[in-house]
Amino acid sequence: MKHLNEPSFRESVDLMFNRAVALMDLPPGLEEKIRVCNATYTVRFGVRLRGKIQTFTGYRSVHSEHMEPVKGGIRYALSVNQDEVEALAALMTYKCALVEAPFGGSKGGLCVDPREWDEHELESITRRFAYELIKRDLINPSQNVPAPDMGTGEREMAWIADQYRRMNTTDINARACVTGKPLNAGGIAGRVEATGRGVQYALREFFRHPEDMAAAGLSGSLDGKRVIVQGLGNVGYHAAKFLQEEDGAVITGIIEHDGALYSDEGLDVEAVRGWIMKHGGVTGYPDATHTAEGAAVLEHECDILIPAAMEGVINLGNAERIKAALIIEAANGPVTAGADEVLRKKGTVIIPDMYANAGGVTVSYFEWVKNLSHIRFGRMGRRQEEARHQLIVDELERLDRHLGDAWVMSPDFKQKYLRGAGELELVRSGLDDTMRIAYQSMREVWHGREDVTDLRTAAYLVSINKVAASYRALGL
Ligand code: GLU
């Protein structure tokens with residue numbers, strides 16, 4: 001995806017890392033220890049399918065074990081390669097540190113086009129890949145906990161969890177070996193949409209700070225802001241949907257693999273998603289202008305650009321022409337190091353990937369804790385909370401009767417106030433809190449240091465400091 005002559009994805013991540021450590025005062029050698037990938041395991045395995053043995057190549061890379069387990073998704077795509085998996089593993093280290101999810105960073109990938117195989121075949125492939133990783137403790141509740149990424153979802157995670165259980169029949173914590181599972185297989189409410197929800201919470205927090213908005217030349221609220229989304233997969237779809245339905249943002253552009261849709265009046269995210277599900281792409285969708293060369297729409301005028309697909313889509317080939325005031329990196333690594341430099345000079349504000357898409361791993365963390373504690377969040381406290389609220393409502397109703405028309409409760413107050421928080425409400429509350437606090441830690445550095453002029457460098461500084469502190473605590 002990157003432009004010719006640009007460094008690889010991993011080199012791009014390292015360049016951005018280096019820019020940040022140049023501003024830090026780390027003990028000699030620690031910078032290199034943090035930057036390098038600890039280990040990458042490559043596996044080639046055969047699965048008998050369609051009358052012959054098909055050979056697949058997969059990876060699991062462990063970037064940093066300053067905290068264990070290490071965490072990060074497993075990607076299914078033909079483009080998966082070692083460089084990419086290592087770059088993504090490094091980003092996981094920084095991401096987890098930034099949002100205080102107590103994990104090291106890891107990532108996995110399998111070179112496979114999931115659309116080429118039917119469900120039964122994909123199950124055989126996934127189970128075999130999982131088997132190879134499990135027997136080397138590269139999937140393990142206390143050492144390495146995968147999750148969904150591009151091309152994988154709840155279904156694959158359920159197969160992996162089941163495979164682990166079959167191979168570890170007496171492990172009481174078996175379910176915590178992977179996150180992003182379906183609810184009925186030990187998953188948690190709100191995980192599917194977590195990354196998109198995190199993007200929404202990140203933008204809401206950004207828009208709470210007039211000074212930050214001003215840096216991007218924006219003002220007001222999310223209401224009416226023109227947004228272009230690249231990729232209507234799990235992350236892009238949920239982010240766009242929530243921003244449209246709950247914050248009044250206008251989704252003017254949607255870019256997909258077969259072109260882009262554009263409408264000044266705004267696109268109906270749900271309708272476009274429905275169209276893609278039915279027709280396999282955006283081509284033919286009514287009520288919008290279709291451009292076959294989708295990437296061109298990245299360069300359209302808008303307030304907020306949300307790249308939510310692949311790495312390297314904003315590169316030296318198009319960075320100069322990007323007009324968005326604000327870019328929020330819902331994907332991992334969508335802006336190359338070279339493009340980052342160009343955009344910084346232009347004054348574009350970029351909310352960096354390691355923060356913007358951390359909602360997924362944050363809710364994964366909650367799921368892992370749920371699995372280890374063997375109890376759903378809210379199970380103990382919910383009815384107690386409701387009973388205490390009932391006491392207050394009863395008292396208010398008594399006053400109500402007493403004071404008559406002089407004092408009346410709003411009609412929906414009682415219903416809203418009486419509802420105790422279930423798992424979904426608690427997950428959202430935890431995610432919202434995480435996204436707010438992490439943003440504030442970045443902006444403190446962004447505004448507090450003369451030598452830091454962008455949020456990405458600030459994010460790196462915050463997270464590298466945290467990783468360095470863990471290493472120091474380990475005596476390194
Ligand atoms: N694959 C997601 C990411 O890149 C989620 C990782 C996780 O939940 O462990 O952050």
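We count residues from 1, following the sequence as given. Each ligand, and each atom within it, is numbered from 1 in the order the structure gives.
Listed by number with element, the atoms of ligand 1 under 4.0 angstrom from any heavy atom of Gly73 are 1 (N), 6 (C). Short contacts between ligand 1 and Met92, defined as distances under 4.0 Å to a heavy atom of the residue, involve ligand atoms 3 (C), 4 (O), 6 (C), 10 (O). Heavy-atom proximity to Val361, at under 4.0 Å, picks out these atoms of ligand 1: 7 (C), 8 (O), 9 (O). For ligand 1, the atoms closer than 4.0 angstrom to any heavy atom of Lys107 are 1 (N), 3 (C), 4 (O). Residue Asn332 approaches ligand 1 through these ligand atoms, each under 4.0 Å from one of its heavy atoms: 4 (O). Taking every non-hydrogen atom of Pro148 and a distance limit under 4.0 Å, the qualifying atoms of ligand 1 come out as 1 (N), 2 (C), 5 (C).
Side-chain contact between Ile74 and Val178 is absent, with no heavy-atom pair separated by less than 4.5 Å.
At a heavy-atom cutoff of 4.0 Å, ligand 1 is contacted by no atom of Ala358, backbone or side chain. Looking at Arg75 against ligand 1, nothing comes within 4.0 Å, counting heavy atoms.
With hydrogens and angles ignored, the 3.5 Å screen pairs a side-chain donor or acceptor of His63 with a backbone N or O of Ile34. Using a distance-only test at 3.5 Å, with no hydrogens or angles considered, a donor-acceptor pair links the side chain of Lys225 to the main chain of Ser221.
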For this session: Would you sort out whether Glu299 and Lys323 count as a salt bridge (Lys or Arg N to Asp or Glu O under 4.0 Å), showing the intermediate values?
Result: CA-CA 6 Å; Glu299 300 165 21; Lys323 296 183 194 67; 5.6 Å; no

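Considering backbone and side-chain N/O atoms, Asn357 never comes within less than 3.5 Å of an N/O atom of ligand 1. Among the atoms of Thr179, none of the N or O lies under 3.5 angstrom from an N or O of ligand 1.
With ring centers used as reference points, Tyr59 lies 6.0 Å or more from Tyr41.
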